[in-house]
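Before any comments, here is the structure.
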Amino acid sequence: MGDPFGHTPLPAHGQPPAQVLDELARLKADDRDWRSGRVFSLVYSAGEEHHHLLEQALAMYAAENGLNVLAFPSIGRLQHDLVRNTASLLGADDPASGGGVEGYLTSGGSESLVQATKVARDVARERGIARPSVVAATSAHAAFTKGADYFDLELRRVPVGPDFRADPAAMEAAVDESTILLVGSAPAYPTGVVDPIEELAAVARRHDVLLHVDACMGGYLLPFLARLGRFDAPFDFRVDGVTSMSADLHKYGYAAKGVSVALYRTHELARHQVFVTTDWDGGFYASTTVAGSKPAGPIAAAWAATMHLGLDGYLRLTAEAHDAALALRRGIEGIDGLVVRGDPPATVLAFGAADPATLDIFAVGDALAGRGWYLDRQSGPDSLHATVHAGSAASVGDLVADLGEVVAEVGSRRAADRSTTYGSDT
Ligand SMILES: Cc1ncc(COP(=O)(O)O)c(C=O)c1O
């Protein structure tokens, strides 16, 4: 069996811990070094002291099983704190929310979106819809496609507007009697723009359908940007028509991987995320996630992250990340030949060639990778993508400097290729 990663066979005799750890360190040596601040994706870092705290909390709960909070009541308490506090950040304490927001932890953003899709499928069944549909912009996360695939819903992808945001009129045109769920993103991953949630909510209300606001990125970002006076668009449960939301602790909550929150405006909706059965020989079985047995370490680490940072810590990290994102954006806009996609208000952005005929943005990505930078790539249109977090703030100046050099190199190579191919007037 071919294996691109190589293979370590199960040893015939167990190895001492030090040897195993040495080998792990050796295997890890080729991984991206996120501590360098050059990784603008996948990892969110709030510094060494914070990271050490996460490691300790993970270790404290390495053996416990989050499946059963009767056996481990502390895990129940940690979950409750995280869900309640996230709900508060997203407007649940405001009378406009209706006062009934409830939710559950999940393993990550994708599971939160998949669960929201499953809840919508259950509501559609109650309404007698044979094959329900979901209407989402092309910018909505791929996990909606996954959820629709898992639960056999029809996903209608609607092109974004010229500003890369969901287009409420086009989305409304895609709604019909089979539709159960609309999707808005705050912000959307591909370009970091925030969809017009109030307008989408008006569409949802007009057609009596659910509206999920995917704040996986923004749940621990936009509320703090708003408090800092840097963001003011309504996007949470204070908007009439928003029926569910997701917010990832393992992104801008600066937690360890494995924790997101799925929230629902009412108990009636939230209960659909709970799976209960007695239909086997093992007795009463209930769970709120896809996983049965589940790691408690990430839950403890997320709780530790939120308690250690507190409101003032999140405001500080958000300001640092946002200042860095603004600096990156200014830097990109100052480089001839590059454009930022749309008007991203937070800390996620994408940029590409102003004229793809004269600059190959993926060649720019290759050259940046050669200098040790890690940025995601995407198409529609071809772009590089940066998730700016507190841990990447210090390197933004270097990134902009390298980007300027690399764009000049790649651009002049392309110009030289063109003159060789087509001849030149000079
Ligand atoms: C807006 C948005 N939603 C959902 C997700 C999925 O999150 P996860 O990778 O934790 O499953 C992401 C991931 O980047 C995201 O940006």
Side-chain angles (χ1 to χ4, degrees), residues 66-67 69 73 75-123 141 143-144 147 151 180-186 197 201 204 210-223 235-253 255 258-276 286-291 294-296 298-303 305-307 314:
L67 174 62
V69 295
I75 301 171
R77 169 61 180 266
L78 304 180
Q79 290 184 156
H80 175 77
D81 287 346
L82 288 166
V83 170
R84 196 62 251 150
N85 294 340
T86 305
S88 291
L89 284 175
L90 297 175
D93 301 332
D94 191 294
S97 74
V101 173
E102 283 185 16
Y104 300 99
L105 293 189
T106 70
S107 59
S110 297
E111 188 182 349
S112 290
L113 303 186
V114 164
Q115 292 286 0
T117 310
K118 187 259 185 205
V119 167
R121 194 277 316 264
D122 287 359
V123 174
H141 195 269
F144 285 106
F151 300 114
I180 192 62
L181 177 67
L182 284 187
V183 174
S185 304
I197 301 302
L210 306 175
L211 170 63
H212 182 86
V213 173
D214 174 3
C216 285
M217 277 284 184
Y220 271 77
L221 191 62
L222 299 183
F235 73 101
D236 62 19
F237 285 110
R238 285 168 287 199
V239 179
D240 183 16
V242 173
T243 52
S244 58
M245 295 192 72
S246 46
D248 290 3
L249 280 147
H250 70 196
K251 293 190 172 71
Y252 286 101
V259 190
S260 169
V261 184
L263 294 167
Y264 303 89
R265 184 180 282 272
T266 62
H267 173 73
E268 276 307 290
L269 288 171
R271 73 185 168 82
H272 290 294
Q273 193 177 317
V274 185
F275 178 81
V276 179
S287 85
T288 54
T289 53
V290 171
K294 68 179 173 197
I299 298 170
W303 188 89
T306 56
M307 294 299 145
Y314 280 115

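Positions are given from 1 along the sequence. All values derive from a computational prediction rather than experimental measurement.
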Could you check whether any side-chain N or O of T243 sits under 3.5 Å from a backbone N or O of L211, counting only pairs where one atom can act as donor and the other as acceptor? yes

Given D248, L90, L249, the one that forms side chain to side chain contact (heavy atoms under 4.5 Å, CB included) with Y220: L249

Heavy-atom side-chain contact between D122 and K118 under 4.5 Å: yes

Taking every non-hydrogen atom, the tightest pair across A305 and G253: CB-O, 3.9 Å

For a quick check under 3.5 Å, do S112 and T106 share a side-chain donor-acceptor pair by atom type? yes

Residues D240 and R265: closest non-hydrogen pair is CA-NH2, 4.0 Å

Residues two or more places apart in sequence or in another chain: which of them pass ring-ring contact (aromatic ring centres under 6.0 Å, His included) with F235? none

Determine whether a donor-acceptor pair (N or O, by modelled atom type, separation under 3.5 Å) exists between the side chain of E111 and the backbone of S107. yes

Quick check: does any side chain N or O of R238 sit under 3.5 Å from a backbone N or O of S97, one acting as donor and the other as acceptor? no

Residues which pass side-chain contact (heavy atoms from CB on, under 4.5 Å) with A270, listed by chain and number, not counting sequence neighbours: E102, Y104, Y264

Got a donor-acceptor contact below 3.5 angstrom from the T117 side chain to the G147 backbone? no

Going by distance alone, is a donor N or O of one side chain under 3.5 Å from an acceptor N or O of the other, for S260 and H250? no

Distance, nearest 0.5 Å, that separates CG of D81 from CD1 of I299: 12.0 Å

What's the verdict on side-chain hydrogen bond (donor to acceptor under 3.5 Å, both in side chains) for H141 and S185, showing C-alpha distance, side-chain angles and the deciding distance? CA-CA 8 Å; H141 195 269; S185 304; over 6 Å; no

Would you name the heavy atoms of G218 and P223 that are closest together and state the gap between them? O-CD, 3.3 Å

Does anything in residues 85-99 form a salt bridge (charged side-chain N to carboxylate O under 4.0 Å, His left out)? List the pairs, not counting sequence neighbours. R84-D93

Around R77, counting heavy atoms of other residues, nucleotides and ligands shown, do more than 12 lie under 6.0 Å from its CZ? no

